[in-house]
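Just dropping this structure here.
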Amino acid sequence: MKLNLSSRWLLMVAICCFCVCCQQLPDELETGEVGTLNVKTRSADEEAIAYPLNIYAFSEDGDCVVSQTVKDEEEAVKLSLPAGKYKVVAIAGYSDDYQMPSEPKLDDVVQMTGEAGAGVPLMMGKADVTVGADREKKLEMELSYVVTAIDIILSNVPSDVMEVSATLSSFHSSMDMNGEYKDTGYTLNFNCSLNTGNQWLSKTRYVFPGSGSKVALSITMKLKNKEERTYGYVWKDTPEAGRPYHLQGEYSDGFSLTGSFIVTGWNEAEDVKFNFGTASSPDDEPEEDGGEDNPGSDLSGVPEEGTIWNGTIVADVVEDESGIDLLLMSLDEWEATTSQVDGVIDTYEVNGISNWRLPMHEEVESLRLRFSGDHREELNDLIAEYDSSLYGLANGAKERYLCLKDGKYYSFQFILGTSTTAAGEKRTYYLRLVKSYRIDF
């Protein structure tokens, strides 16, 4: 998303306390042609419901006719409704980790707000019901989890490791009031802490289900000497709502992970095994016996040039005997003067990846080659599919990006054959930051 620096800080606003407040009842209330809907809720397998519980009655047009916020299990749910057909929706577990309109319609969404998932699992129940005038009707609703639960435990991590983080992508980032998942490309970030048993573990976080046929898992360790090591894996499956994933990894020149679903009251447990640092490509099936091993070509979990990985654009991939060097480019784009560049760089971080910079003059030609002409259009289509609110690379005659040459600001275009020229101090330029990123085998 293109962010003007002057307004960039204003985007961080506190989420207002949730208050249910639907439209007023129609005039039929005054005529007596009103029925009462008594609603009883329970969770699947008698799991505890996280209060407050919010009940909505939507008309056939998708408008919220009436609602009620239930503070505890002792409070009765009674909705006074004009005669007609309704879809009743119940949501439990709502917190500041989610956001939705205060007066929702049926096609409005509950949105995941941060990058670390939610601390409370969201539950939903829904039912279609017909209410008659001057009559009482009973409705029993079953609530079930609409999120998945994930936590990570890592053992035998070297003692010189100071920080451990992990990312998983990609998931849905929202769900409408009818229970349909929306918006793809959400990345879940974990920060792990060291316990007394010398294990690095995360808290359990909740997120909407996976949005594709694969999930990319990345584990990053920061050492005392400031070195960063990242281990990646592509899991060929889609995390489901109602299934907890407990990922356990053991470090041994890389990670081997096994996962099981262990949260009581959720769906049946299922084991998932992960291997880091194997010689097979994540997109290939294992070779039959007799296949030639090639440990030097280990690309497990490593992205290709021109793709989106970990919330970044992969601009270049260079492999050597011990690992792979990536040149990443930011999906975010800014407009700024040269005097504002440091303020952008100092605060930018995505999925735990920090220390971004402007591209060097020597890197510009390879960036042009990779992302000009048809390649630029392909990348912009990929960006739009990933997140329609983000901007693609510009190639207009006056649309120039900043780079560095001998410590001074220069500007360039994503067009082959164009020149790199000294930047002025007054005009604004586009910024796309880059990051040199090492993945060891």
Side-chain angles (χ1 to χ4, degrees), residues 1-13 113-115 173 183 185 187 306-316 327-351 353-373 375-437:
M1 182 181 297
K2 191 174 296 185
L3 304 173
N4 187 289
L5 193 66
S6 62
S7 60
R8 188 167 181 266
W9 303 107
L10 297 179
L11 296 177
M12 301 300 294
V13 295
T113 57
E115 296 180 343
S173 62
D183 302 317
T187 298
T307 62
I308 294 177
W309 175 79
N310 246 2
T312 69
I313 301 166
V314 181
D316 193 23
L327 180 65
L328 306 177
M329 186 167 66
S330 65
L331 277 167
D332 291 310
E333 182 173 292
W334 300 260
E335 288 184 69
T337 63
T338 55
S339 63
Q340 296 172 321
V341 171
D342 288 343
V344 175
I345 293 176
D346 290 345
T347 58
Y348 188 61
E349 180 176 325
V350 57
N351 294 335
I353 302 174
S354 55
N355 299 320
W356 291 77
R357 58 179 174 82
L358 287 179
M360 304 302 294
H361 178 260
E362 296 79 8
E363 297 169 321
V364 166
E365 193 58 36
S366 63
L367 289 174
R368 281 200 190 106
L369 185 63
R370 163 55 64 184
F371 299 121
S372 64
H375 297 302
R376 184 189 63 85
E377 294 180 5
E378 291 171 1
L379 176 64
N380 288 349
D381 289 343
L382 191 63
I383 292 173
E385 181 180 353
Y386 178 82
D387 187 340
S388 60
S389 67
L390 295 171
Y391 284 82
L393 294 184
N395 72 337
K398 296 183 179 180
E399 296 172 313
R400 303 185 67 86
Y401 291 81
L402 283 179
C403 66
L404 283 177
K405 180 180 180 181
D406 299 327
K408 297 181 179 179
Y409 293 111
Y410 277 67
S411 69
F412 70 98
Q413 298 166 279
F414 282 96
I415 304 174
L416 286 177
T418 55
S419 59
T420 302
T421 59
E425 295 181 355
K426 295 183 179 180
R427 67 160 287 182
T428 59
Y429 297 89
Y430 292 157
L431 304 184
R432 288 275 179 168
L433 304 182
V434 298
K435 165 75 175 180
S436 300
Y437 199 82

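What you see is a predicted model, and the numbers here were worked out from it, not measured in a lab. Worth knowing before you read on, the calculation uses all heavy atoms, side chains too, and leaves out hydrogens, waters and symmetry mates.
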Pairwise distance OG1(T312) to CG(N351) - rounded to 0.5 angstrom
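Answer for the OG1-CG pair, T312 versus N351, is 8.0 Å.
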Closest non-hydrogen contact found for L402 with F412 is O-CE2, 3.6 Å
Heavy-atom side-chain proximity of Y430 to E335 below 4.5 angstrom:
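Yes; the side chains approach each other to less than 4.5 Å.
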Nearest heavy-atom approach of E333 to G392 is OE1-O, 3.9 Å
- Task: Indicate yes or no: at least one non-hydrogen side-chain atom of Y401 is less than 4.5 angstrom from one of V364.
- Result: no
Atom pair CG/OG1 of D342 and T347 - distance to nearest 0.5 Å: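 The CG atom of D342 sits 10.5 Å away from the OG1 atom of T347.
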To the nearest 0.5 Å, atom CD1 of I345 lies from atom CH2 of W334 at 9.0 Å
Check: Could you state the interatomic distance from NZ (K405) to OH (Y410), rounded to the nearest 0.5 Å?
Finding: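 K405 NZ to Y410 OH: 4.5 Å, rounded to 0.5 Å.
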| So, S419 side chain and T421 main chain: donor-acceptor pair closer than 3.5 Å or not? |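 No; zero donor-acceptor contacts below 3.5 Å.
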Taking every non-hydrogen atom, the tightest pair across R368 and Q413
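Residues R368 and Q413, closest heavy atoms: NE-O, 2.9 Å.
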### Message
A side-chain contact here means heavy atoms from C-beta on lying under 4.5 Å apart; do F414 and L367 qualify?
### Response
yes
### Query
Any side-chain heavy-atom pair from D332 and V350 closer than 4.5 angstrom?
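No, too far: nothing below the 4.5 Å cut-off.
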Looking at every heavy atom in both S372 and L416, which two are closest together, and how far apart are they?
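So the minimum-distance heavy-atom pair works out to OG-CG, 3.2 Å.
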So CG of L393 and NE2 of H375: to nearest 0.5 Å the spacing works out to 13.0 Å
For this session: Would you name the heavy atoms of G306 and F371 that are closest together and state the gap between them?
Result: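 Residues G306 and F371, closest heavy atoms: CA-CE2, 4.2 Å.
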Open item on the list: What I'd like to find out is whether the side chain of D316 reaches to under 4.5 Å of the side chain of E363, using heavy atoms alone.
Closed with: no
Y429 (side chain) donor-acceptor with G424 (main chain) under 3.5 angstrom
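Between the backbone of G424 and the side chain of Y429 there is a qualifying donor-acceptor contact (under 3.5 Å).
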Item to complete: Determine whether N355 and K435 make a side-chain contact, defined as any pair of heavy atoms from C-beta on separated by less than 4.5 Å.
Response: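 Side chain of N355 against side chain of K435, heavy atoms only: contact under 4.5 Å found.
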Qualifying residue, where the test is side chain to side chain contact (heavy atoms under 4.5 Å, CB included) with L328 and the options are L433, I353, V434:
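Running side chain to side chain contact (heavy atoms under 4.5 Å, CB included) over L433, I353, V434 with L328 returns exactly one hit, I353.
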>> Test side-chain contact (heavy atoms from CB on, under 4.5 Å) on L331 and D387; report intermediate values, then the result.
In response: CA-CA 10 Å; L331 277 167; D387 187 340; over 6 Å; no
Inset, instruction - Search all heavy atoms of S436 against all heavy atoms of L327 and return the closest pair with its distance. - result: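 The answer is OG-CD1, 4.2 Å.
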_I'd like to check L379 versus I313 (side-chain heavy atoms, cut-off strictly below 4.5 Å). Are they in contact?_
yes
d(R357 CZ, Y348 OH) to nearest 0.5 Å is 14.0 Å
Return yes if some donor-acceptor pair links the side-chain N/O of R427 with the main-chain N/O of T337 below 3.5 Å, else return no.
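Checked: no pair found.
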Could you tell me whether E349 atom CD has more than 12 heavy atoms of other residues or ligands within 6.0 Å of it?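 Check passes, neighbour count above 12.
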So do the side chains of S411 and T420 get within less than 4.5 Å of each other, counting heavy atoms only? no
